[in-house]
Amino acid sequence: MSVIPPASTPRHVAIIMDGNGRWAEQRRRPRLVGHRAGARAVRDTIEFCIDRGVEALTLFAFSSENWGRPQEEVSGLMRLFLSVLDREVDELARRGARIRFIGEAQAFSPDIQKRMQATEALTAANTGLTLVIAANYGGRQDIATAARQLATEARDGRIDPATIDETAFGDRMALADLPAVDLCIRTGGDLRISNFLLWQLAYAELWFTPTLWPDMDAATLQAAFDDFSRRQRRFGLTGAQASRQQA
Ligand code: FPP
């Protein structure tokens with residue numbers, strides 16, 4: 001068995017924040033109460049990542065499939081996003097965070113779109129944690145967008161189709177300018193990716209916990225980071241080769 005690499009902190013962490021609804025149902029409260037509690041867990045998680053020197057944190061806040069939820073839940077979530085943006089952005093900016101959004105923003109109300117753009121502009125020059133909020137995001141949609149862009153460039157003669165490779169494709173996907181996702185955490189007990197970062201998770205370490213998202217805390221995040229530091233990442237090589245590369 002090859003040597004396990006030394007403890008390391010993930011540079012880029014992505015999280016599927018699941019379990020808000022069940023957390024509320026367990027308390028016989030409306031689902032929105034769970035989302036509100038989830039927003040507190042978001043704040044604690046950002047804090048944790050800043051303290052650990054994580055470079056990028058990508059949070060799955062709203063999938064392209066979530067529009068199908070009851071109207072009351074969707075509009076409540078939208079109001080929650082707005083109030084979180086209003087409340088937290090200044091403090092995050094003060095702490096050096098750069099905030100970005102991925103996903104199809106045009107589906108959101110003009111008000112939310114304006115706040116998203118203002119947030120990105122306000123924090124664009126910051127050099128601390130890059131916080132990416134995936135909102136109306138879908139992994140397949142991301143891949144289709146990159147394919148459409150490549151096709152357009154080829155049609156316009158800006159690229160030669162023969163040169164289209166993984167790098168050309170990856171360069172046109174969300175998060176292309178950030179370090180690769182090292183660790184993907186999913187709370188809430190389900191063992192699936194749910195159309196999150198399909199391309200970008202190719203070599204990410206996956207970590208699942210039954211903890212419902214509103215109960216996410218520093219101890220659980222630390223358990224995920226500790227587990228990550230014990231994994232041997234082989235990237236398709238043999239254990240011996242990977243150990244030599246990491247030495
Ligand atoms: C999934 O839980 C969670 C969501 C669809 C929304 C996530 C939103 C937040 C954590 C609130 C604030 C976030 C930001 C970035 C400001 P679920 O409702 O699917 O839970 P269930 O599986 O128990 O029903």
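As the structure lists them, so they are numbered: ligands from 1, and atoms in each ligand from 1.
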Inset, instruction - Examine Phe108 together with Phe81 and report whether their ring centres are nearer than 6.0 Å. - result: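 Between Phe108 and Phe81, the centre distance exceeds or equals 6.0 Å.
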Legend entry - Side-chain touch Ser83/Leu80, heavy atoms, less than 4.5 angstrom: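 In short, these two side chains touch, coming nearer than 4.5 Å.
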Ligand 1 contacted by [X] (non-hydrogen, < 4.0 Å):
| X | result |
| --- | --- |
| Glu88 | no |
| Glu25 | no |
| Gly188 | no |

Within-cut-off N or O pair, [X] and ligand 1, under 3.5 Å:
| X | result |
| --- | --- |
| Phe81 | no |
| Asn66 | no |
| Gly21 | yes |

If you measure from the Lys or Arg side-chain nitrogens to the Asp or Glu carboxylate oxygens, is any gap between [X] and [Y] under 4.0 Å?
| X | Y | value |
| --- | --- | --- |
| Asp177 | Arg100 | yes |
| Arg95 | Glu47 | yes |
| Asp90 | Arg94 | no |
| Arg43 | Glu91 | no |

Inset, instruction - Tell me which part of Trp23 gets within contact of ligand 1: side chain, backbone, both or neither, using heavy atoms under 4.0 Å. - result: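 Neither; nothing of Trp23 gets under 4.0 Å from ligand 1.
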Inset, instruction - Examine the proximity of ligand 1 to Arg31 and report which part, side chain or backbone, both or neither, has a heavy atom under 4.0 Å away. - result: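 It is the side chain that touches ligand 1; the backbone stays farther off.
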Please write down residue, atom name and distance for the protein heavy atom closest to [atom].
| atom | answer |
| --- | --- |
| atom 16 (C) of ligand 1 | Val84 CG1, 3.6 Å |
| atom 6 (C) of ligand 1 | Ala61 O, 3.3 Å |
| atom 10 (C) of ligand 1 | Asn20 ND2, 3.5 Å |

Inset, instruction - Rounded to the nearest 0.5 Å, what's the gap from CG on Leu77 to CG on Leu32? Could you check? - result: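 With rounding to 0.5 Å, CG (Leu77) is 6.0 Å from CG (Leu32).
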Legend entry - Gap between atom CZ of Arg172 and atom OG1 of Thr167 - 0.5 Å precision: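 Reported value, rounded in 0.5 Å steps: 10.0 Å.
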Legend entry - Option nearest atom 12 (C) of ligand 1 (shortest heavy-atom distance, choices Ser194, Pro214, Ala39, Gly189): Ala39
Inset, instruction - Out of Arg69, Met216, Glu73, indicate the one that has the non-hydrogen atom closest to atom 18 (O) of ligand 1. - result: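 When every heavy atom of Arg69, Met216, Glu73 is considered, Arg69 comes closest to atom 18 (O) of ligand 1.
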Legend entry - Intermediate values then yes/no, salt bridge (Lys or Arg N to Asp or Glu O under 4.0 Å), Arg230 and Asp226: CA-CA 7 Å; Arg230 288 190 294 268; Asp226 288 347; 5.2 Å; no
Legend entry - Stepwise salt bridge (Lys or Arg N to Asp or Glu O under 4.0 Å) check, Asp44 with Arg40: CA-CA 6 Å; Asp44 295 348; Arg40 284 197 294 278; over 6 Å; no
Show the atoms of ligand 1 that are less than 4.0 angstrom away from any heavy atom in [X].
| X | value |
| --- | --- |
| Leu80 | 11 (C) |
| Met17 | 1 (C), 2 (O), 3 (C), 10 (C) |
| Asp18 | 1 (C), 2 (O), 17 (P), 19 (O), 20 (O), 21 (P), 22 (O) |
| Trp213 | 10 (C) |
| His35 | 4 (C), 6 (C), 11 (C), 18 (O) |

Inset, instruction - Classify the angle between the aromatic ring planes of Phe48 and Phe225 as parallel (below 30°), tilted (30 to 60°) or perpendicular (above 60°). - result: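 Answer is perpendicular, since the angle exceeds 60°.
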